[in-house]
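Naming: A, B, ... by sequence-line order, numbering from 1 per chain.
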There are 2 protein chains.
Amino acid sequence: MTTSTVSFRYFILGLLTQQPMSGYDIKRLLKGFSWLIGSPSFGSLYPTLHALLKDDLVTVEIVPREGKPQRKIYSITEAGRQVLQEWIDQPVASDAPLKAFVMRLILASNFSYDGLIAYLQQRRSQVAAHHATLKQIAEALDEMDLGQRLALGYGLAIAATELAWLDSTLDRLSRPLQQPLPMEIAQGD
Amino acid sequence: MTTSTVSFRYFILGLLTQQPMSGYDIKRLLKGFSWLIGSPSFGSLYPTLHALLKDDLVTVEIVPREGKPQRKIYSITEAGRQVLQEWIDQPVASDAPLKAFVMRLILASNFSYDGLIAYLQQRRSQVAAHHATLKQIAEALDEMDLGQRLALGYGLAIAATELAWLDSTLDRLSRPLQQPLPMEIAQGD
DNA sequence: CGAGGCATGTAATACGTTACATGATTTC
DNA sequence: GAAATCATGTAACGTATTACATGCCTCG
């Protein structure tokens with residue numbers, strides 16, 4: 001079935017594995033990544049949370065605060081974790097947009113070390129294949145207009161960068177002892 | 001108003017400025033960029049074409065072919081060009097997803113040389129600002145989980161690449177004589 | 001002779017945005 | 001005292017996906 005875009009529903013659910021959060025917290029967190037994955041509006045964020053609650057994938061705790069608006073802190077349930085795991089395990093379409101990758105990247109690391117490595121390796125082979133395809137298209141160019149050629153060049157640059165990033169990241173993750181970045185992963189799942 | 005995502009409607013309309021095409025042609029063309037911008041399904045592509053036709057932004061020519069399915073070739077009208085120009089001229093939100101940039105990149109070059117340069121320069125300043133923001137977030141890290149840190153590193157790598165690409169592209173476009181890539185642009189609009 | 005590409009389309013449904021509505025607190 | 005941030009939510013609308021439906025041709 002190769003899920004990919006399947007919306008913010010599971011992504012939001014996945015963010016709650018890190019820590020319980022309110023809708024507002026989620027929005028703020030996602031703002032930093034809006035460039036890559038976009039950030040849902042409150043008009044879709046809150047209803048999504050309500051739907052997850054109705055399906056018993058999350059629970060709420062209402063926190064009233066003096067002099068400040070109340071907050072509704074959502075936590076993922078066991079059922080939620082199971083559903084999420086099933087979603088994570090589904091293969092990603094090879095031509096899925098970049099945003100699908102970043103979304104899963106953020107989630108995958110919260111599940112298992114092996115899963116993360118496997119995911120990055122899978123992505124590496126997909127991007128490598130994609131890069132090769134773009135190169136092929138670029139070679140058979142001509143009769144292509146400027147816009148397409150520019151976009152093609154851009155795509156190649158991005159793909160090359162992603163390959164380099166994947167290699168260095170996989171390298172850093174596989175020997176986590178001397179490097180500063182990966183810490184909590186050293187303890188595994 | 002800062003349009004950005006505003007859908008495939010204008011993007012498809014813009015593709016027709018390159019040359020008249022059928023829905024199937026558009027889909028095939030977009031497949032190569034699906035990684036970056038996604039590709040609309042036929043279920044939205046054909047209705048979009050019908051809507052553009054109804055609004056007199058495009059015209060159709062039905063081309064029957066012996067032994068093969070007929071084709072419906074769409075061409076943009078003068079009204080279509082005007083509407084498109086208005087859309088192109090609208091500013092893009094600074095946190096608009098990457099896909100919005102690539103879409104406009106493909107279109108912008110079909111309009112005017114100056115417009116393209118201006119667009120790339122505007123993008124450059126936006127990405128530079130974004131890159132700075134990410135760096136700031138990265139500095140104030142800790143308490144950030146692995147997934148977010150990875151995504152942040154990835155975002156920084158992509159942003160840096162895009163900056164480099166924008167610089168070299170702007171450089172190549174501003175002196176188009178000795179380089180092979182930009183040819184038809186030398187004649188300007 | 002079946003799979004996949006060519007080529008078009010419709011209907012049901014899911015997903016998401018914009019605009020609206022409320023209300024207190026902090027910052028300029 | 002106006003604007004931005006915090007914090008939640010609903011309703012109307014637009015946009016896209018999936019699944020369905022059709023039919024011929026080509027390649028293995």
Check whether any side-chain heavy atom of B:E162 lies under 4.5 Å from a side-chain heavy atom of A:T161, and answer yes or no. no
From the candidates C:dT17, D:dT8, D:dT18, the one with an atom nearest any side-chain atom of A:K72 is D:dT8
Walking DNA chain C from its 5' end, the first of B:S44 and B:R65 to be reached, judged by nearest nucleotide, is B:R65
Which of B:L105, B:L98, B:V102 passes side chain to side chain contact (heavy atoms under 4.5 Å, CB included) with B:I37? It is B:V102
A:K31 atom NZ is separated from D:dA7 atom P, nearest whole Å, by 12 Å
With sequence neighbours left out, the residues meeting ring-ring contact (aromatic ring centres under 6.0 Å, His included) with A:H131 are none
Whole-Å distance, B:I26 CD1 to C:dG9 P, equals 12 Å
Is there side-chain contact between B:I12 and B:Y74, with at least one heavy-atom pair below 4.5 Å?
no
Bend of the helix from C:dC1-D:dG28 to C:dC28-D:dG1 from end-axis comparison, five pairs per end, nearest 10°, comes to 50°
Residues at least two apart in sequence or cross-chain that pass side chain to side chain contact (heavy atoms under 4.5 Å, CB included) with A:D55, listed by chain then number, are A:R9, A:L57
Taken in chain and number order and not counting sequence neighbours, the residues that satisfy ring-ring contact (aromatic ring centres under 6.0 Å, His included) with A:F101 are A:Y119, B:Y154
Before you tell me yes or no, could you show the steps for B:D171 and B:S168 under side chain to side chain donor-acceptor pair (under 3.5 Å), namely the whole-Å CA-CA distance, both residues' side-chain angles and the distance that decides it to 0.1 Å? CA-CA 5 Å; B:D171 193 56; B:S168 90; over 6 Å; no
Practice prompt. Give B:S22 one of three labels, base, sugar-phosphate or nothing, depending on what nucleic acid heavy atoms sit under 4.0 Å from its own.
Written response: sugar-phosphate
To the nearest angstrom, the CZ-P distance between A:R28 and D:dT8 comes to 9 Å
Protein heavy-atom contacts under 4.0 Å, written 5' to 3' over nucleotides 22-28 of chain C as B (base), S (sugar-phosphate only) or - (none), form the string -BSS---
From CG of A:L52 across to P of C:dA14 the rounded distance in Å is 15 Å
If you define the side chain from C-beta out and look only at heavy atoms, does anything of A:I137 sit under 4.5 Å from A:T133? yes
B:Y24 has its side chain closest, among C:dG9, C:dC6, D:dT8, to C:dC6
DNA chain D nearest-nucleotide lookup for B:G43 and A:G43: closer to the 5′ end is A:G43
B:R9 atom CZ is separated from C:dT17 atom C1', nearest whole Å, by 17 Å
Of the listed C:dT8, D:dA7, D:dT10, the closest approach to the B:R71 side chain comes from C:dT8
note: A:F8, atom CZ; C:dG16, atom P; distance rounded to Å ~ 6 Å
note: B:H50, atom NE2; D:dA16, atom C1'; distance rounded to Å ~ 15 Å
Of all heavy-atom pairs linking A:L49 and A:V58, the shortest is O-CG2, 4.2 Å
When rounded to whole Å, the CG to P distance for the pair A:L49 and D:dT10 reads 12 Å
Scanning both residues in full, the closest heavy-atom pair of B:L30 with B:S39 reads CB-OG, 4.0 Å
On a heavy-atom basis, the closest approach of B:S109 and B:L116 is CB-CD2, 3.9 Å
Are the charged groups of B:D95 and A:K31 less than 4.0 angstrom apart, N to O?
no
Per the under-4.0 Å heavy-atom filter, residues of residues 57-64 of chain A near DNA chain C come out as none
